[in-house]
Each structure stands twice: as structure tokens, then as C-alpha cells.
Amino acid sequence: MRFRPCIDLRGGRVVQIVGGSLREGDPKGPVTHFETERSAADYARMYRADGLRGGHVIMLGKGNEAEALAALAAYPGGLQAGGGMTPANAGHYLDAGASHVIVTSYVFREGRVDTDRLNEMVRRVGRRRLVLDLSCRRRGEAYVVVTDRWQRFTEVEVTRETLARLAGYCDGFLVHGVDVEGRRMGIEEGLVKALEAWSPIPVTYAGGARSLDDLDRVKALGKGRVDLTIGSALDIFGGDVAYREVVAWQRKEESRAEGGGRDPGPETRDGSGG
């Protein structure tokens, strides 16, 4: 298991918002926990210095391309890029230094996975450089994928069958627990367990983390197979969890792995990189 860092961009600034509160055309805007003048490239350089690979920079709407590209240039090969990705622009971000592009809404149409669009993305960027965002909200007992800034429910549930089918198109999954994203109210434990049991390829969970203990909790629930992103809870984003302690936790995990003290994490279990 690994900690995966993040950079969320809105209006050209690094922010942390409550998941599901970003609505196009809403004059009130999203519920924002944190906003800074510090550049995305500064965060990327920090992650690079600390050897934290496989994080993501997400563009929440328009006006974020320059900051995203600067972050990718500051840490070439170390960050994935997402937000409005299509076959027409994905190559631009890969050429700029993204290790992968993260795609969600483009591959869904009328609530279903559009396999023609998905195949087009694979042809353009290659399966090994594509991550599918299957962020979801609970509906009854099911976790259902949501798109369009997490406002629109699709007909796609996160199930063993769904993950097995989509795994053939991509190198990994990014899954936000949208109901708790940005709320620091605890992780979606059932979702983490499901991802561990059902995903045949690397998967990163995000949403609700509120303490350093959540790293150990996700490690235990995910049996070392589910990585974790922590955003708004970190002190670098205005929260209470010390980023330096998270980095120290990651270093300890790496030392254990080198010493044979745990099973390989998702970056190595299928022989692919994250």
C-alpha cells in the first residue's frame, strides 16, 4: 500500500473542496475548505523531493491548464492528470509529463459505459497510461458511479463484474467515496473492502480520511492492495494531519517492503507501475 498525494485545481488555484458541491453555473460555488496562493508546481516539487509517486493533479473546471502543466513539468512522470480528458487533449498532458491520464465522464454516455469512446481513449493513449475514475456514491446498498462533477448518477455499479470488465482497458482505478469526500468524517470502509476484493488491477481510494490512523485502517481493510489519497485533512491543505508524518509512514512502509515484511502493494502485484 502507498500514500498517493493530490493537487486539486479550481480557478487556477490549489484548493480542497467538499465532494459533490461543485456544480456548473452555481453562483455560490462549491464548499471550499482551503485555497492558497502557493502554486501547483510548488506542491509537485515537494512530492518529488519526498519521492511520492502516483499522485494526481485534477482540474476542476476551466482555467486550470497552465497550473496543471506547470505541476507536471515540475515532477515529470510522477503525477497523473485528470479533469476533462478526451482523446483530443490527453496526449498533450502525457507529453507534458503526466504518467497517466485519468478519465471519467468522457467514457460514459446516457448513464452507461460507451465502449466506442473507451476504445478510442485506449487507442490514443494506450492502456498502460490510462486510469479510469470510478468515483461513486451510495444508493441503497450499492455504490454507483457518478459523473459530471459527481452530480449525475450513472447506471454503473461498482461490482466485481464491473471492475473485471473495465480492468482490461486501463492500468488502474481512482475511486473517490463522494459522499464523504472532503468532509473528514471517516473513510467508506465498505467501499475499501469491496475494492480490495474485486479489483484485479491497482486501485487508489480517496474520501473522508481524517487522521494518520486512516493509513493503517485502509492498509488493513484493503490488505495492502488499496492505496490511499488524503487531501483536506493534511496540514499542507489546512487540516490537522501532519504531512511530514504521512511521509514518515510511507518511508516505514517502503522499508518493510524492502525487508520482505509485507506483501507487495498494488504497484507490483500485476507487474505494472502506478
Side-chain angles (χ1 to χ4, degrees), residues 1-4 19-20 54 56 80 82 100-119 121-122 125-148 150 152-181 186-209 214-229 262-274:
M1 177 195 160
R2 288 181 177 273
F3 162 71
R4 304 289 190 180
H56 48 267
Q80 303 168 0
H100 299 69
V101 290
I102 304 168
V103 181
T104 176
S105 296
Y106 179 79
V107 301
F108 286 86
R109 183 182 290 178
E110 297 180 354
R112 301 181 180 90
V113 175
D114 185 324
T115 54
D116 289 338
R117 287 191 169 197
L118 183 52
N119 280 317
M121 284 296 306
V122 173
V125 307
R127 185 177 79 84
R128 290 296 187 184
R129 304 197 73 180
L130 181 64
V131 170
L132 289 181
D133 183 339
L134 300 181
S135 295
C136 54
R137 306 182 85 154
R138 185 185 284 274
R139 188 163 63 186
E141 295 301 313
Y143 289 102
V144 182
V145 176
V146 288
T147 61
D148 301 327
W150 298 339
R152 187 184 300 276
F153 277 90
T154 69
E155 298 177 13
V156 180
E157 295 184 8
V158 176
T159 64
R160 184 186 303 275
E161 293 73 23
T162 296
L163 297 182
R165 175 166 57 91
L166 294 179
Y169 294 93
C170 62
D171 197 45
F173 298 121
L174 173 63
V175 182
H176 290 80
V178 175
D179 292 321
V180 297
E181 168 66 20
I187 61 172
E188 285 270 17
E189 294 191 359
L191 180 56
V192 173
K193 290 178 182 178
L195 295 174
E196 183 281 319
W198 297 340
S199 181
I201 60 174
V203 56
T204 296
Y205 167 84
D214 282 321
L215 285 159
D216 291 316
R217 186 169 292 108
V218 170
K219 178 183 175 182
L221 294 171
K223 300 180 181 178
R225 291 166 48 90
V226 179
D227 291 346
L228 176 65
T229 292
R262 65 176 177 91
D263 292 334
E267 275 202 332
T268 58
R269 71 175 184 261
D270 74 336
S272 67

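When atom types are taken as modelled, the side chain of Y205 and the backbone of E188 share a donor-acceptor pair closer than 3.5 angstrom. Using modelled atom types, no side-chain atom of R112 and backbone atom of E155 make a donor-acceptor pair closer than 3.5 Å. The backbone N or O of C170 lies less than 3.5 Å from a partner atom in the side chain of R127, making a donor-acceptor pair. A donor-acceptor pair under 3.5 Å is absent between the side-chain atoms of T229 and the main chain of A206, judged by distance alone.
When all heavy atoms are compared, the tightest approach of T154 to G111 is CB-O, 3.3 Å.
Between D227 and R4 there is a salt bridge, since at least one side-chain N of the basic residue sits less than 4.0 Å from a carboxylate O of the acidic one. Salt bridge K219/D216: absent, no basic N to carboxylate O contact under 4.0 Å.
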Exercise for the section: Check the pair R217 / E189 against side chain to side chain contact (heavy atoms under 4.5 Å, CB included), numbers first and verdict last. Expected result: CA-CA 9 Å; R217 186 169 292 108; E189 294 191 359; 3.3 Å; yes

Exercise for the section: Take L163 and L134 through the test side chain to side chain contact (heavy atoms under 4.5 Å, CB included) and record every step on the way to the result. Expected result: CA-CA 9 Å; L163 297 182; L134 300 181; 3.5 Å; yes

Exercise for the section: Tell me, with the steps shown, if D171 and I201 meet side chain to side chain contact (heavy atoms under 4.5 Å, CB included). Expected result: CA-CA 7 Å; D171 197 45; I201 60 174; over 6 Å; no

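The only member of L174, L118, L130, V131 that meets side-chain contact (heavy atoms from CB on, under 4.5 Å) when paired with V103 is L130.
T159 is not listed as a side-chain neighbour of Y143, based on a closest heavy-atom distance of 4.5 Å or more. Counting heavy atoms from C-beta outward, F173 and L166 have side chains that approach closer than 4.5 Å.
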